[in-house]
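Below is one structure; the comments refer to it alone.
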Amino acid sequence: MNQDCPREHPTGAEPESQTPVPSPCNSVCRMAPDGAYCVGCFRTLDEIAGWAGFDDARRRLVWRQLRQRKAQAGQSGGEQRC
Amino acid sequence: MLSQLAPAAEAPSGALPPGMHVLERGWLSSNSVLFEEGDRLTVVDTGYVLHARQTAALIDRVGRGRPLARIINTHLHSDHVGGNARLARSGAVSIQIPAGGADAVRRWDVERLGYRATAQRCPRFGFDRLLRAGDMLRLGAGCWQVLAAAGHDPDMLMLYEADRRILISADALWEHGFGAIFPEIEGEPGFVEQRRSLDLIARLGPSLVIPGHGPPFRDAGAAVRRAYQRLDALQSSPERNARHVLKVLVKFWLLQVGQATVARLIEHFRQARYAHSVHQRYFANLTFGQMLEQTVEQLCAAGATVMEGPKVRSVDGAGTD
């Protein structure tokens, strides 16, 4: 149990511009009601399950996509973290 | 962009044997490792209870709907076994736990299991088999050796596949650090055991480490060196270890609730035996509330939490240091 965790998003740098690319997980870990993506990090099940095996290029692509999903969910009043 | 000049980084877990999958989670849930075994599945560790539905969905997705046959737990902390009850509900699942936890699980002794000590939640589960250091387990296509890894927890186990030199290190070694040494705050040994666990990992020299939290990594030597340095620092200042334990417990709770007033936080931790142990042993000059107020200040200074009016809020992706 219990983290001694490194800071995953050092201040001032976009996560996807870092190497290695940090995980988008923010410990919400709950899928949206339709199962499309996690309401915490906006990744799909495949993107969460595959993350550890993705190279940095793929991880950067996921970061870009989840930002779009987050923006769309915000516009349509989608579920946000409290 | 500078990052484009860097060589393409192959993900360490790209070297996993076929049918083995690392489900990397965050800090509230442990990572899970999934093995395909013909038409069945085995999973090592199951995350925290609040995430159990997602854990089950991930296993179902990656396992392409095959039934789960076995759950193996490296240790019994709530962030490694919280999905056990839900996953075992789905059918005939054999739960296999470290032998040292047998009696506590049989009686569901939340005191000994540490769920009361930490004021963390964990749904009850049973077990079907006990694991001991020296056991060999067939997981997927590989033969895995069960190894003792005390320190963070006296009964913790790791799993090692010697042919490919892959180590499932639980909370004995992460890329940057290791799990908090809880036993020491109540006067039980932990530092010496953690050093022994690091010695064992150094001797094995794994080519790939799958930690209990954080990404899999290849450079075990560098991670072990960092871990020794950190252990030296903690061992030379047990008070620092105690402060660290408080920070870990508070951050873990805030990850669950998102935010809370400091007063509510203090109220919550009145249920946590570890918080009282730390108070009595190390910070008896302060009130219980003052001690936790200091913990919150330290977390805020580290960027792990932020104050918003009377409330303290967890900062995404930021750890306790």
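In what follows, every heavy atom counts, from backbone to side chain, and hydrogens, waters and symmetry copies are set aside. Just so it is clear: chains get the letters A, B, ... in the order the sequence lines come, proteins before strands, and each one is counted from 1.
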How many angstroms lie between atom [atom1] of [X] and atom [atom2] of [Y], to the nearest 0.5 angstrom?
X       : Y        : atom1 : atom2 : answer
A:Cys29 : B:Leu50  : SG    : CG    : 9.5 Å
B:Ile59 : A:Leu45  : CD1   : CG    : 11.5 Å
A:Ser27 : B:Leu254 : OG    : CG    : 11.5 Å

ask   = By a 4.5 Å heavy-atom criterion (distance strictly below it), what part of B:Arg61 contacts chain A: side chain, backbone, both, or neither?
value =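 It is the side chain, since no backbone atom gets that close.
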
inquiry  = Set out, in order, the CA-CA distance, both residues' side-chain angles and the distance that settles side chain to side chain contact (heavy atoms under 4.5 Å, CB included) for B:Leu58 and A:Ile48, then state yes or no.
reply    = CA-CA 8 Å; B:Leu58 286 167; A:Ile48 299 167; 3.9 Å; yes

ask   = For chain A, which of B:Met156, B:Glu24, B:His21, B:Arg25 has the most heavy-atom pairs under 4.5 Å?
value =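 That would be B:Glu24.
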
query = Counting N and O atoms only, with roles assigned by atom type, does the side chain of B:His51 sit under 3.5 Å from a partner on the main chain of A:Arg30, one being a donor and the other an acceptor?
reply =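 Checked: no pair found.
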
